[in-house]
Amino acid sequence: MTNFKLEIAKKISQIVNLEEKEIENYIEIPKEINNGDYAFPCFKLARSLKKSPIDIADNIKENIELDEKIFTNIEVVGGYLNFFVNKELFAEEVLQSVSQNDEYGKSEIGKGKNIVIDYSSPNIAKTFHIGHLRTTVIGSALYNIYKYLGYNVTGINHIGDYGTQFGKLIEGYKRWGTEYNLEENPIEKLTEIYVRISNACKEDETILEECRNNFKKLEEGEPYCKELWKKFKDVSLKEFQKVYDILGTKFDSWNGEAFYIDKMGEVVELLEKSGKLVESQGAKIIDLEDKGMAPCIIEKTNGSSTYATRDLAAILYRARTYDYDKALYVTSYEQVLHFKQIFEVAKLLGLDEKYIKGLEHISYGMVLLETGKMSTRDGNVIKLEDLLNEAIQRAEKIIEEKNPNLENKDEVAKKVGIGAVIFNDLANSRVKDEIFNWNNVLNFQGETGPYIQYTYVRTKSIVEKAGGVPDIKDIKVKYLQDDISSKIIKLIYNFEDILTQVVDKNEPSILSRYLIEVAKNYSNFYNENKIIVDDSEIQNTRVYVTYAVGKILKIGSKLLGIEMPDKM
RNA sequence: GGGUCAAUAGCUCAGUUGGAUAGAGCACACGCCUUCUAAGCGUGGGGUCGGGAGUUCGAAUCUCUUUUGGCCCA
């Protein structure tokens, strides 16, 4: 493909005394279509050249020698130099590159780079609720997109399968285990047991003592405790898997916290060697006051480990095992300080600087209920499974209304319902909090997943009706000169750039927004133009654009973790 | 108290390194299905970009300050 920006930069640098690179950076893409395809703002040169921006623009315009095949026009508008590219050439190149590539937008820019993404990571024996959705879908989307750009990606579900709460659960199960049938509804039952034993602990210190004792035994590897712990873990994972199956979430590693139990000793040793590990009130800490942070506790007063120690052990392990260039942690912003501390302390582990630089916390906003924060303890959580099922049901109802004769209704309802839920969580910037509202999440109109699916289904049905994808040789780009067509071509061209933006910022919403934009413009195109017409040149051209749009929508959605139905 | 993130239309949000007239969706009102799927398209109203100061050719965007809210730490 012609690099238009570079072309402009080259020519301008011949006239003004600036590096190509710098000029390329200044060149922007006008919002208004009347202002051309690329613009060079001359204001930045005004001071150094001691001339008015308009004079500079005029001067460049007069002296620049652009290839007329590539650019059709240059205009000076209020200090801007606006460039108009040859629409026909542009459209031809863009459609050409779509046609040659089944995996349009795929690239090798990440070749040789290893990315580790830690996402989802739920706690054993706790409800998988709507709050866990964001980490799961954001992590998955990043996983897919990094991979598409050629990175070698490892997805890790860092299960929360360790901690003092297991001492309690074991005690509860020892006491009343026979009263609960864990097979039936494991997590609910375990939660009940947990609440019951917690209350019992509050009333009777000796019970709490027993719980602590159990945890100690678990750490020492006492068989019965270990067996129970394993049981809790197994039934929980089975529950989680149900949700992952519905969402289509995959992981390469399920190494959770327990995996690092025997790897924490080394962390303590290394920190001790660094000389920074100090005693404070009986605990071992790393003081971070000079960094403006609270101290990082490595070992508690009673000698037991902390989250921090496990995370540090994980960093060591991941650096050695995956030789990562980036290690991403997708968790809510509640943990911002925690990761800041961990990343600071990680500098003391003697790892190569590369591994420290690669650590990145991908934080996102909270999911709140209208009544406030969710709490497993208080039982005011919305189970993710319930949400997904409700979404599927609503989709079914709409299909029944709009398209009762549709085949595979169940399958389509699933794709649409789940698509709506996933898209809803990926559509906004990560930082935004989300106040959960059934009607918002399960809205299928406007800027939603189903809207993209609907648009895709349309493209699919048109291509089918036209008798398949036309040969690229049979299209005439002169029919794509109008504003809407140009906009669509430009959007298709931008796809790869959008994907690189996503990984630059670790922000999948950039892709979500883009897909909406594509769908919207195509819907516009669809309503303005009849696509299947008598004139075969016009038809072939429009069908080809339709096909290209469908391709983008499908690839893009797939990267977000959203499946496309063929009909809906 | 310290740190941190946010604040843009009635609601939910976009707004690329500062750039041309601040944009969508929802909701509301009206219009568009005998021809490619109306889960769609179009038109319309609706704004002190939380307030104030500064930086400069130019600020929703950067700096300072202030208000409100979320989160984390003690």
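Note that this is a predicted model, so its numbers are computed, not measured. Values below: every heavy atom of this structure, side chains too, minus hydrogens, waters and symmetry copies.
Taking side-chain N and O atoms only, A/Tyr514 has no distance below 4.0 Å to OP1 or OP2 of B/G15. Residue A/Lys291 places no side-chain N or O under 4.0 Å from the OP1 or OP2 atom of B/G3. Proximity of A/Lys465 to the phosphate of B/U37: a side-chain N or O atom is located under 4.0 Å from OP1 or OP2. Between B/A38 and A/Arg458, a contact under 4.0 Å exists linking OP1 or OP2 to a side-chain N or O. Note on A/Asn439: every side-chain N or O is 4.0 Å or more away from OP1 and OP2 of B/C26. Within the 4.0 Å cut-off from OP1 or OP2 of B/C36, not a single side-chain nitrogen or oxygen of A/Ser461 is found. Note on A/Tyr333: every side-chain N or O is 4.0 Å or more away from OP1 and OP2 of B/A6. Residue A/Lys402 places no side-chain N or O under 4.0 Å from the OP1 or OP2 atom of B/A38.
Remark: the backbone N or O of A/Ser523 is paired with a side-chain donor or acceptor of A/Asn527 at under 3.5 angstrom. A/Gln453 contributes a side-chain N or O that, together with a main-chain N or O of A/Lys415, makes up a donor-acceptor pair within less than 3.5 Å.
Taking a centre distance below 5.5 Å and an interplanar angle below 30 degrees as the stacking criterion, A/Tyr80 stacks against the six-membered base ring of B/A20. Aromatic stacking of A/Phe43 on B/G19: satisfied, with centres closer than 5.5 Å and planes within an angle under 30 degrees.
Here A/Glu517 pairs with A/Lys487 in a salt bridge; the nearest charged N to carboxylate O distance falls below 4.0 Å. Between A/Glu563 and A/Lys414, no side-chain nitrogen of the basic residue sits less than 4.0 Å from a carboxylate oxygen of the acidic one, so the salt-bridge criterion is not met.
Here the CD1-CG distance, from A/Ile54 to A/Asn59, works out to 13.5 Å after rounding to the nearest 0.5 Å.
No side-chain heavy atom of A/Tyr493 sits under 4.5 Å from any side-chain heavy atom of A/Ile489.
Candidate nucleotides B/C36, B/U17, B/C71 were compared by shortest atom distance to the side chain of A/Lys530, and B/C36 ranks first. Nearest nucleotide to the A/Lys567 side chain, out of B/C57, B/U37, B/A39: B/U37. When distances run from any side-chain atom of A/Gln445 to the nucleotides B/C13, B/C26, B/C71, the shortest one goes to B/C26. Among the nucleotides B/A39, B/C36, B/G25, the one closest to any side-chain atom of A/Ile399 is B/A39. Out of B/C73, B/G70, B/C41, the shortest distance to the side chain of A/Tyr451 is found at B/C41. The A/Lys432 side chain lies nearest to B/A7 when the options are B/C73, B/G40, B/A7. Side-chain proximity of A/Lys44 to the nucleotides B/A39, B/C73, B/G19 is greatest for B/G19. Checked against B/G3, B/A24, B/C71, the side chain of A/Lys520 finds its nearest nucleotide in B/A24. Considering only side-chain atoms of A/Ile532, the nucleotide from B/U12, B/G19, B/C36 that sits closest is B/C36. Closest approach to the A/Asp433 side chain among B/G70, B/C73, B/U37 is made by B/G70 (side chain taken as heavy atoms from C-beta onward).
On the P atoms, B/U67 is 15 Å away from B/G51, given to the nearest whole Å.
Note on A/Met293: nothing from the nucleic acid sits closer than 4.0 angstrom, heavy atoms only. Across all strands, A/Val336 comes closer than 4.0 Å to no nucleic acid atom at all (heavy-atom distances). Among the atoms of the strands shown, only primed sugar atoms or phosphate atoms (P, OP1, OP2) are found under 4.0 Å from some heavy atom of A/Asn428.
In this entry the base of B/C33 is syn relative to its sugar, with a glycosidic angle within 90° of 0.
A/Arg458 forms a cation-pi arrangement with A/Tyr526, by the criterion of a distance under 6.0 Å to the ring centre and an angle within 45° of the ring axis.
When the P atom of B/U37 is taken as reference, atom CD of A/Glu400 falls 20 Å away, rounded to whole Å.
Residue A/Asn443 places no side-chain atom within donor-acceptor reach of the base of B/A39, judged by atom type and a 3.5 Å distance cut-off alone.
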